[in-house]
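Below, chains carry the letters A, B, ... as their sequence lines are ordered, and counting in each starts from 1. Bear in mind that the values here come from a model prediction, so they are computed numbers and not experimental data.
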Protein chains: 2
Amino acid sequence: MTQARNLPVTMAERVFEAIQDAIVRGDIAPGAKITEPDLARQYGVSRGPLREALQRLETRHLVERIPHVGARVASLSFERLIDIYHAREALEGMACRLAASHCDEAEIASLEALLDEHAALHEVREGRGYFQKEGDLDFHYRIAHASGNAIVTQILCEDLYHLMRMYRYKFSGYRGRPHQALEEHRRIVAALKERDGDFAELLMRRHIAGARRTIEDAYRQSRGEDLSEIEENSDE
Amino acid sequence: MTQARNLPVTMAERVFEAIQDAIVRGDIAPGAKITEPDLARQYGVSRGPLREALQRLETRHLVERIPHVGARVASLSFERLIDIYHAREALEGMACRLAASHCDEAEIASLEALLDEHAALHEVREGRGYFQKEGDLDFHYRIAHASGNAIVTQILCEDLYHLMRMYRYKFSGYRGRPHQALEEHRRIVAALKERDGDFAELLMRRHIAGARRTIEDAYRQSRGEDLSEIEENSDE
DNA sequence: CGTCCCGATATTGTCGACAATAATTGAGAT
DNA sequence: ATCTCAATTATTGTCGACAATATCGGGACG
């Protein structure tokens, strides 16, 4: 019952996903310049499909392009991360509201099962590793789909999802509160089950706003320390 | 003090904007198939830049593409229009909240001036024509920018703005309540002036939700009538 | 010594042609 | 007459080459 991954049938799609993964996991450094002929050779493809891939990456905010100048991997800034959290707060809150109205029982049961899995993993690993890393994103991913809103889902799951993943790789530092996060997830699903859209939206917004504040506090508290790296432009 | 239109310097951008306009104003019918060689000849450009333009239009939901099959102009459905309104409600509400926190006095004064212009036009034309057609979108466009959030602004002003314009052209029917809309705009700006983010968000959400309900009511009331045209797939 | 201008180099934007895949047409069988 | 299937046509995906533009370096001038 996972996502219906329609696998890439064209070169442009394949190289798009490959480069996206490379960027998200940091194999290509944030801010690094991209030279089309180089990358084209590297992925064994012509410049045509490569340019198409770069353009898609641009719409996902993973690369920035300037006409006649070139493309470079998006540089991660604290401000942009906060921007993403604000956008998520608004959109995922709305997604919860909509999901409460018209997602079927099976979907809710599936969400509960997902959280049970998280809880099991969580108890074992005592709050580190998997859960907050990808599991959390998976939950939000599922909520977005449960909204039944094509626009909201597309923005959250295509445009912002991979950006979040990219930040996760760089910000492996402070993503605390796994107990609290799991509990908040549970309450959100409970609100969904009661078909209380207002409350579901409220809970999701508080959940995301809380995560944002945690990041903001950690950032302000550790300026000039290890987190300052996200500000620098790591050119090659 | 209008938007900083960095004019297109490349063929792909020019043809992108040209096709976008053609689609938005209905010169190319919704749902119509797009054949790359034809359009390329039509706009006096090669297939390379044309494909780039089509891809950008795809990210804005103005065309839909299927690999190895082709592209067609997005067909306007009622459900998708409602989806857009829900997304706007969430995002523009957040934009208001953010704008209340950190947009400068000049920006607010500028918004008030814009509404004065609308009021003048509105008084003259008694609520028809300009105001609800483009003026309303302009206001929301400005609010988005005032948020100072790059992500939110990009989604609202790049991705959804032109989709809304497209629907406006097709739904020239029921966009009533210009008096009320202008008044609601005024209250939103007033809340911004008082730096009341909570209230500004609330007002904007009510404003957009109200517009959505007007459309929903008009649609349900006139099923099978003139509005049913938005459901059909107008192939050529 | 710093700044500005100009030529060489590299990179991007655009084009036309070829290959791969889908849509279409027509023939044949039931 | 209709359905199935194969050959044909048309359209998309990909490639390599050319033109236009920006970047980098050296030299002249203030």
Tell me: CD of B:Glu13 to P of C:dT14, nearest whole Å? 8 Å

Which of C:dA23, C:dC15, D:dG13 is nearest the side chain of B:Glu36? It is D:dG13

Proximity of A:His140 and A:His145 rings by center, below 6.0 Å: no

Rounded to whole Å, CZ of A:Arg51 lies from C1' of D:dC15 at a distance of 14 Å

Taking the six-membered ring for Trp, are B:His185 and B:His207 ring centroids under 6.0 Å apart? yes

What integer distance in Å separates A:Met11:CE from D:dT14:P? 7 Å

With a 4.0 Å cutoff (strictly under), does any side-chain N or O of A:Arg47 reach OP1 or OP2 of C:dT12? no

Does a salt bridge link B:Arg220 with B:Asp217, judged by any charged N lying under 4.0 Å from a carboxylate O? no

Please state whether the phosphate of D:dG13, meaning OP1 or OP2, lies under 4.0 angstrom from any side-chain nitrogen or oxygen of B:Arg65. yes

Which is true for A:Gly70 with a 4.0 Å heavy-atom rule: it touches a base, it touches only sugar-phosphate, or it touches nothing? sugar-phosphate

Whole angstroms only, please: what is the CG-P distance between B:Leu50 and C:dT14? 12 Å

Measure from CD1 on B:Ile66 to P on D:dG13 and round the result to the nearest Å. 11 Å

Comparing A:Val69 and A:Gly44 on DNA chain D - which has the more 5′ nearest nucleotide: A:Gly44

Can you tell me how far P of D:dG13 sits from CD of B:Gln55, to the nearest Å? 10 Å

Decide, yes or no, whether a salt bridge links A:Arg65 with A:Glu36 under the criterion of side-chain N to carboxylate O below 4.0 Å. yes

Is the shortest side-chain N/O distance from A:Lys33 to OP1 or OP2 of C:dA10 below 4.0 Å? no

How would you label the contact of A:Ile34 with the nucleic acid (heavy atoms, under 4.0 Å): base, sugar-phosphate, or nothing? sugar-phosphate

B:Pro67 side chain: which of D:dC15, C:dT14, D:dG13 is closest? D:dG13

Backbone N or O of A:Pro37 within a donor-acceptor pair of the A:Thr35 side chain at under 3.5 Å? no

Under 4.0 Å between a side-chain N/O of A:Thr10 and OP1 or OP2 of D:dT14, yes or no? yes

Can you measure B:His68 atom NE2 to C:dA22 atom P for me and round it to whole angstrom units? 6 Å

Find the distance B:Asp38:CG to D:dA10:C1' and express it as a whole number of Å. 11 Å

